Amino acid sequence: QSTFLKALKSYKQGDYNAAYNHFQSAIADNPNDWKRHYAYALCLYRMKKNDEAQKELLAAKGLTQDEKDQKQIDEALALLQRKTSKDESK
């Protein structure tokens, strides 16, 4: 089983620490796959590592030219921005 599939499985099971480690390996194995950066960003968000999540989303955005994928990433960035702003105002 690939490290990316292990990462996704751990993420879906709510084991974010294991997913975090697997995603790092998966990205090292294939750093040009935007989906790996995107999924890693979701994991980072769940771990409340919003700055890192934003960096990964921006990395993902730079790796795809597909308009639909770009829109998906933009939506995630907007949600993250709203969440971060909301947390900072507390």
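For the numbers below, each heavy atom of this structure counts, side chains included, while hydrogens, waters and symmetry mates do not. Remember, it's a predicted structure, so these values are computed and weren't measured experimentally.
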Given the options Lys83, Gln81, Arg82, Ser85 meets side-chain contact (heavy atoms from CB on, under 4.5 Å) only with Gln81
To the nearest 0.5 Å, what is the distance between [atom1] on [X] and [atom2] on [Y]?
X	Y	atom1	atom2	result
Leu77	Glu56	CG	CD	11.5 Å
Leu80	Ile73	CG	CD1	13.0 Å
Asp74	Glu67	CG	CD	10.5 Å

How about Asp51: does its CG atom have over 12 heavy atoms from other parts shown lying under 6.0 Å from it? no
Would you say that more than 12 heavy atoms from the other residues, nucleotides or ligands in this model lie under 6.0 Å from the OH of Tyr45, or not? no
Is it the case that the side chains of Gln24 and Tyr40 hold a donor-acceptor pair, with the cut-off being a distance below 3.5 Å and no angle test? yes
If we count only N and O atoms by modelled type, under 3.5 Å, do the side chains of Thr64 and Asp69 hold a donor and an acceptor together? yes
Under 3.5 Å, side chain of [X] to main-chain N/O of [Y], donor-acceptor pair present?
X	Y	value
His22	Asn17	no
Arg36	Ile27	no
Gln70	Lys61	yes

Any idea which heavy atoms bring Leu8 and Ala39 closest together, and the distance? CD2-CB, 4.0 Å
What heavy-atom pair brings Ala7 and Ala19 nearest, and what distance separates the two atoms? O-CB, 3.6 Å
Start with the C-alpha distance between Gln13 and Lys9, add both sets of side-chain angles, then the distance that settles side chain to side chain contact (heavy atoms under 4.5 Å, CB included), and finish with yes or no. CA-CA 6 Å; Gln13 293 173 338; Lys9 184 177 180 183; 3.5 Å; yes
Between Asp29 and Phe4, is any pair of side-chain heavy atoms under 4.5 Å apart? no
Is there a side-chain contact between Tyr38 and Gln72 in this structure, where contact means two heavy atoms from C-beta onward sitting under 4.5 Å apart? yes
Take Tyr11 and Arg46 through the side chain to side chain contact (heavy atoms under 4.5 Å, CB included) test and state the conclusion after the steps. CA-CA 9 Å; Tyr11 177 81; Arg46 293 285 185 178; 3.5 Å; yes
Side chain to side chain contact (heavy atoms under 4.5 Å, CB included) between Asn21 and Thr3: does it pass, once the steps are laid out? CA-CA 9 Å; Asn21 293 324; Thr3 54; over 6 Å; no
Please evaluate residues Lys49 and Tyr20 with respect to the criterion side chain to side chain contact (heavy atoms under 4.5 Å, CB included), reporting the C-alpha separation (whole Å), side-chain torsions for both, the decisive distance (0.1 Å), and the verdict. CA-CA 11 Å; Lys49 297 180 181 227; Tyr20 177 88; 4.3 Å; yes
If hydrophobic clusters are built from ILVMFWY residues whose side chains come within less than 4.5 Å, do Leu79 and Leu57 share one? no
